[in-house]
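See structure below.
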Amino acid sequence: MIYFYDGTKEAFLTALALSFHDGEPFLTSGNKQLVLGQESVFVRTDVERAKKIEARLLSFDKDCMGDLDTILRSGEPNKDNIALAYFRLIAEKKRPVRMMLSEDAALAADECMRRVGFEIHRFHGFVRFLATASGALYAPVSPDNDICDLLVPHFRARMPKIPFVIHDVKRKKAAVYDGENTFLAPLGEAEVVLAADEMQWQNLWKKYYNSVNIPSRERLKQMRGYMPVRYWKFMPEKQRPDDGEEDQGAPSPPSKRRK
Amino acid sequence: MCYNGGMIDEKTLTILTESAKYDVSCSSSGSGRKNEGGIGNGYASGCCHSFTPDGRCISLLKILLSNDCIYNCKYCLNRRDNDIPRATATADDICGLVMDFYKRNYIEGLFLSSAVHISPNFTMEQLYLVVKKLRTEYNFHGYIHVKGIPHADMEIVNKTALFADRMSFNIELPSEQSLKLLAPQKDRESLLIPMSKLQREKEIFKAEKKKGHFLPAGQTTQMIVGASPEKDGMILRLSEGLYRKKGLKRVYYSSYVPVVHDTLLPEVAGGALREHRLYQADWLLRFYGFDAEELLPADGDLSPDYDPKCAWALAHMDLFPVEVNRAPLEMLLRVPGIGARGAQKILNARKYTKLTFEHLKKMRIVLKRARHFITANGKFYGANETAVRGLLAAAETQANAEQLSLFSMNETALSALTGEL
Ligand code: SF4
């Protein structure tokens, strides 16, 4: 049976309960092409039931809801089933299973969570803020996983007096720190007025980036391994020099770059 | 913002960066400095902000305060006799650059070095003034690594250490003779003694539980390999001593790049492979419980054909295969192909079940090399010893084709690479 749900934690827990005795459940929060004759159901969130299930799962593993949050943030198409199999395993073993890496479900969940965690770590480095005229900082991002709000604590801890916005342009939402509180808001397009000297600083940064490189030791494959091309879009240092200063936001098409 | 720094001009920035770029260390790890108002904090595991086309990580703003040198080290671009553009930045130039780069998240902090400008004491004092200003006037709490200037008074060095997260006196070359020949104004003493003194000073600081910080991320050093004739065996013994006796956090090896011509220097660059092998062996010294003695004789070089762990295992085939369900951690770590993370996965998983090769494969333990050295639930899937040598050497050639270079890698990125040695 195919279970459609809305991607929220409560709906997931409801689906977990609904599908518990299903030998071959397939859970999805995205679009799935139905094959003729396949049975499907749309899971309607049952808050009471979800609460009960959550309490029961927590009694097996007090940290498992954190895992659920992490897995549901994954950009992997199959994340819903990874979560489902993982929580079915917890329910079956009635104990934490995250170390049971010889179990497929535990291993898949571990790898999925690891990828989310790794991207958060990478983004602590790869996020690029633009200084705006108001003094606030603005960073457009486009991560694989739904993590923009998880990036806030890191920057908040180091710049507690500067308000900033981390804008996930793909998911059309933004994590905002207003100098005191953090919140998440839907945001399609942002209108940003840059600080007068923003482009000069970006230019200095590009100069630095180009000067610190040792051309005789070129290893482009390595560079791309550590810093995948899909992340370059918002990095000033990876924009082609001839883009000029007006065209900062433009992604540099990887195909045009020298191999 | 609470500062009014100007903006360094492009040309000065370019000159001082070009002059600093051959320095290999760039790591920002090891400091958990907290934000105390103002901007910045430490990120204990280190953080890469960008990668340059040479595959290196940019973590810190790596720059010289001045490249105008009175010394004449033969291998160095900034040597007195070399005809290159010279520049000297002001403290505010550097501070402004750090603050504005930091808040845009371009960098994790500053790695400030300098040529010996005017005199060692003058230079050290200038470096001190920059970091003091950055900490006290600009209120910066991010990472700062400062180069120690040989022959400078310890008093200036010590007060600098109160503001820096890490300091490094560079060993430069692996032996006293080479130093004499290639860096005539420096000597071993002027490099090693400050290291010991800083180490002692830090212990006193800790013992007296003084407020503030004293090099929370410790000391590092760096040496050039391939400019002088020292063998790997000698180099690794030197590193081992620096780790175990001087308490250094990292030794960086920088493969010699000919940037100036001199009859005393080789015309060709030292290979990236040698540098890579040294880093692998260094890693074994620090995290895998190996001694230099076990890895190679003092007058020997590391094998270009096998990584140092593999070479060691091949010389100790009598200890293998080991059973993954029983072998202690120390032994698992010595299996070629099983790294720290792999060993940990095995320890965890074997609590719940008897591990078979199928399990290991599923857990993504790389078995290409490891299978020759382990049994899983009594089963052995390796080849016999002669075949093993052939197979492993072949596997290595492929890896070398990719020419991994680890110079100046951030600790985290490094562990990802060398973790599965
Ligand atoms: S002291 Fe030697 S190594 Fe340092 S900048 Fe001067 S010439 Fe170069």
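Below, chains carry the letters A, B, ... as their sequence lines are ordered, and counting in each starts from 1.
- Between the CZ atom in A/R217 and the OG atom in B/S255 there is a gap of 5.0 Å [rounded to 0.5 Å].
- Contact annotation: the side chain of B/M7 approaches that of A/L204 to within less than 4.5 Å [non-hydrogen atoms, C-beta and beyond].
- Using cut-offs of 30° and 60° on the angle between ring planes, the pair B/Y106 and A/W205 is parallel.
- Few gaps surround CD on B/E36; more than 12 heavy atoms of other groups in view lie less than 6.0 Å from it.
- Note that OH of B/Y352 and CE of A/M99 are 7.0 Å apart. Values are rounded to the nearest 0.5 Å.
- Between B/K103 and A/A131, the shortest heavy-atom contact is CE-CB, 4.5 Å.
- Atoms OG1 and OH, on B/T52 and A/Y208 in that order, are 9.0 Å from each other to the nearest 0.5 Å.
- Ion pairing of A/E111 with B/R364 is present here, as a side-chain N (NZ or NE/NH1/NH2) and a carboxylate O approach within less than 4.0 Å.
- For chain A, the option among B/E358, B/E18, B/R104, B/K21 with the highest count of heavy-atom pairs below 4.5 Å is B/R104.
- The shortest heavy-atom contact between B/H49 and A/M235 is O-CE, 4.2 Å.
- When each of A/L101, A/D104, A/V212, A/L137 is scored by its heavy-atom pairs under 4.5 Å with chain B, the top score falls to A/V212.
- Using a 4.0 Å cut-off between charged nitrogen and carboxylate oxygen, A/K206 and B/E10 do not count as a salt-bridge pair.
- Listed options A/A157, A/S216, A/P215, A/A106 were ranked by heavy-atom pairs under 4.5 angstrom with chain B; first place goes to A/A157.
- A/E237 has its side chain out of reach of B/I58: every pair of non-hydrogen atoms, C-beta onward, lies at least 4.5 Å apart.
- Rounding to the nearest 0.5 Å places OG of B/S50 at 4.5 Å from OH of A/Y209.
- For A/F183, the CZ atom counts as densely surrounded, since its 6.0 Å shell holds more than 12 non-hydrogen atoms of other residues, nucleotides or ligands.
- Formation of a donor-acceptor pair under 3.5 Å by the A/R128 side chain with backbone atoms of B/N105 is found in this model.
- Top candidate by heavy-atom pairs under 4.5 Å with chain A, chosen from B/L355, B/L97, B/L16, B/I63, is B/L97.
- Here the straight-line distance linking atom NE2 of A/H121 with atom SG of B/C47 works out to 5.5 Å at 0.5 Å rounding.
- For A/F164, no part lies under 4.5 angstrom from a heavy atom of chain B.
- The shortest side-chain heavy-atom distance between B/N35 and A/P160 falls under the 4.5 Å cut-off.
- Atom NZ of A/K170 sits in a crowded spot, with more than 12 heavy atoms from other residues, nucleotides or ligands closer than 6.0 Å.
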Quiz item: What's the verdict on side-chain hydrogen bond (donor to acceptor under 3.5 Å, both in side chains) for B/Y102 and A/R158, showing C-alpha distance, side-chain angles and the deciding distance?
Solution: CA-CA 10 Å; B/Y102 190 88; A/R158 53 176 52 185; 3.2 Å; yes

Practice problem: List the steps and the verdict of side-chain contact (heavy atoms from CB on, under 4.5 Å) for B/F51 and A/Q222. | Solution: CA-CA 9 Å; B/F51 288 88; A/Q222 246 193 73; over 6 Å; no

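- You'll find the side chain of A/R98 stays beyond 4.5 Å of the side chain of B/N348, heavy atoms only.
- With values rounded to the nearest 0.5 angstrom, B/L13 atom CG is found 9.0 Å from A/K207 atom NZ.
- Only the side chain of B/T353 comes within contact range of chain A, with at least one heavy atom under 4.5 Å from a heavy atom of that chain.
- Within the 4.5 Å cutoff, the side chain of B/D54 has no heavy atoms near those of the A/L220 side chain.
- More than 12 heavy atoms of other residues, nucleotides or ligands lie within 6.0 Å of CE in B/M363, so this atom counts as buried by the packing criterion.
- Among the candidates A/H154, A/K161, A/E103, A/M227, the residue making the largest number of heavy-atom pairs closer than 4.5 Å to chain B is A/M227.
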